[in-house]
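Input: a single structure, listed below in structure tokens.
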Amino acid sequence: MLIRKPSEYRWSDTTPREIYQKRREFIRTLSGAAAGLAGAAAMPWAESLQAQTGPKLPGVTKSPLSDTGEKLNSFKDITTYNNFYEFGTQKEEPAVLSRGFKTNPWTLTIEGEVAKKKVLGYDDLFKIAPLEERIYRMRCVEAWSIVVPWVGVPLAALLKQVEPTSKAQYVAFETHYSRSSMLAPDEAGINFPYVEGLRLDEAMHPLTMLAVGLYGEKLPNQNGAPVRLVVPWKYGFKGIKSITRIRLVEKQPPSTWNLINAREYGFYSNVNPQVDHPRWTQATERRLGEIFRKKTLPFNGYADQVASLYSGMDLRKFY
Ligand SMILES: Nc1nc2c(c(=O)[nH]1)N[C@H]1C(S)=C(S)[C@@H](COP(=O)(O)O)O[C@H]1N2
Ligand SMILES: [Mo]
């Protein structure tokens with residue numbers, strides 16, 4: 001067992017014992033390659049992941065929207081401490097259990113209230129627009145954070161190509177789900193496929209990104225290959241991974257954690273140090289690799305750029 005610091009909270013803390021047991025069975029059958037994961041204390045495979053580097057992405061330019069001045073988290077931190085419940089509910093599990101996940105071929109369908117529906121294949125994902133590197137902070141609702149050099153494009157570039165109709169008010173996202181390579185909903189304790197949503201103006205905001213890589217390489221599976229959402233001013237769970245469907249819609253779409261517990265996980269989920277999670281403080285956070293907790297900033301430090309999206313809204317009510 002991992003020794004858990006009292007300052008760390010996990011959603012799985014509330015996972016009933018029965019689900020936990022089922023999940024362990026699943027992991028035993030799936031992880032031939034990761035023999036000994038269940039119950040392993042030393043995690044020897046974590047070391048080998050350091051060397052596991054993916055294909056380089058060519059032609060990436062640095063975006064002026066990159067955050068400088070903060071130390072990047074290591075490739076190892078970013079790729080071995082993950083939330084991706086389809087591949088395990090413990091932070092170390094997705095890196096191992098997603099290894100065999102096939103992301104090529106892939107389809108990403110963009111449909112709904114659009115004039116020009118689009119279906120992208122795997123290679124198209126890397127050609128939506130010129131690839132940019134953007135260094136963003138990511139703040140998980142569980143109060144840990146990382147700094148990641150993502151590679152991708154503004155989501156707006158893709159949305160403009162499909163020409164949203166005047167009825168489009170929100171954007172709904174869906175993660176690919178396959179029962180053969182992922183946990184069952186009752187094993188993970190959440191519903192699949194994982195779904196998320198943004199208001200259209202949030203989705204069109206220049207900071208909102210579709211990421212296809214990190215550290216100059218294609219995304220590792222555990223980080224949401226081949227394409228995932230990154231919304232740096234919102235809690236990490238809004239950053240839905242391995243997206244297969246995007247729908248422009250009239251009404252606010254469902255989001256997975258909100259469906260499970262609406263009081264704890266709002267639709268907006270903008271990072272807000274003044275609104276605590278019912279079970280822990282959101283005023284501070286633990287940056288992976290650092291010892292002392294740091295203050296959490298409103299909108300995760302992106303207030304100058306995004307606060308105007310919410311002018312006139314009571315952010316305690318629309319959390
Ligand atoms: N499909 C899917 N997307 C997901 C999740 C998940 O469990 N399933 N977890 C979310 C959470 S809680 C966080 S903090 C981020 C973590 O991204 P990372 O593992 O790349 O750091 O992914 C988000 N996207
Ligand atoms: Mo998260």
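No experiment lies behind these values; they were computed from the predicted model shown. Remember, it's 1-based here, ligands and their atoms both numbered in the order they're listed.
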field: Candidate pair Thr296 and Gln282, rule side chain to side chain donor-acceptor pair (under 3.5 Å), full reasoning
entry: CA-CA 7 Å; Thr296 289; Gln282 294 293 26; 6.0 Å; no
Evaluate [X] for polar contact with ligand 1, using N/O atom pairs at a separation under 3.5 Å.
{"X": "Trp150", "answer": "no"}
{"X": "Ile146", "answer": "no"}
{"X": "Tyr81", "answer": "no"}

field: Proximal candidate to atom 8 (N) of ligand 1 [heavy atom criterion; set Met182, His176, Glu86, Lys241]
entry: Glu86
field: Nearest-option assignment for atom 6 (C) of ligand 1, heavy atoms, candidates Tyr235, Tyr194, Tyr265
entry: Tyr194
query: Looking at Phe267, is Lys238 sitting on its ring face, NZ or CZ under 6.0 Å from the six-membered ring centre and within 45 degrees of the normal?
result: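 Ring-cation test returns yes.
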query: Closer than 4.0 angstrom: is that true for some heavy atom of Glu196 and an atom of ligand 1?
result: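 No, Glu196 has no heavy atom closer than 4.0 Å to ligand 1.
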- prompt: Is there a heavy atom in Gly239 that sits closer than 4.0 Å to ligand 1?
  reply: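 Yes, Gly239 has a heavy atom closer than 4.0 Å to ligand 1.
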message: Is any side-chain heavy atom of Thr244 closer than 4.5 Å to one of Val227?
response: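 Not touching, per the 4.5 Å side-chain cut-off.
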message: Does any part of the side chain of Thr109, heavy atoms only, come nearer than 4.5 Å to the side chain of Ile246, both counted from C-beta?
response: no
field: Sole residue of Lys91, His277, Arg286 in side chain to side chain donor-acceptor pair (under 3.5 Å) with Glu142
entry: Lys91
message: Is it the case that over 12 heavy atoms from other parts of the model lie below 6.0 angstrom from the NZ atom of Lys294?
response: yes
- prompt: In terms of ring plane angle, is the pair Tyr136 and Tyr302 parallel, tilted or perpendicular, where the classes change at 30° and 60°?
  reply: perpendicular
- prompt: In terms of the angle between their ring planes, are His176 and Trp106 parallel, tilted or perpendicular, with boundaries placed at 30° and 60°?
  reply: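 Rings of His176 and Trp106: tilted, as their planes differ by 30° to 60°.
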Ligand 1 contact on Glu142 by region, counting heavy-atom pairs under 4.0 Å: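 The answer is neither.
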Report, in ascending order of atom number, the atoms of ligand 1 lying under 4.0 Å from any heavy atom of [X].
{"X": "Thr175", "value": "1 (N)"}
{"X": "Cys140", "value": "14 (S)"}
{"X": "Tyr85", "value": "6 (C), 7 (O)"}
{"X": "Asn223", "value": "18 (P), 20 (O)"}
{"X": "Met138", "value": "16 (C), 17 (O), 18 (P), 21 (O)"}

message: Measuring centre to centre across the rings, with the benzene-like ring taken for any Trp, is Phe237 within less than 6.0 Å of Tyr265?
response: yes
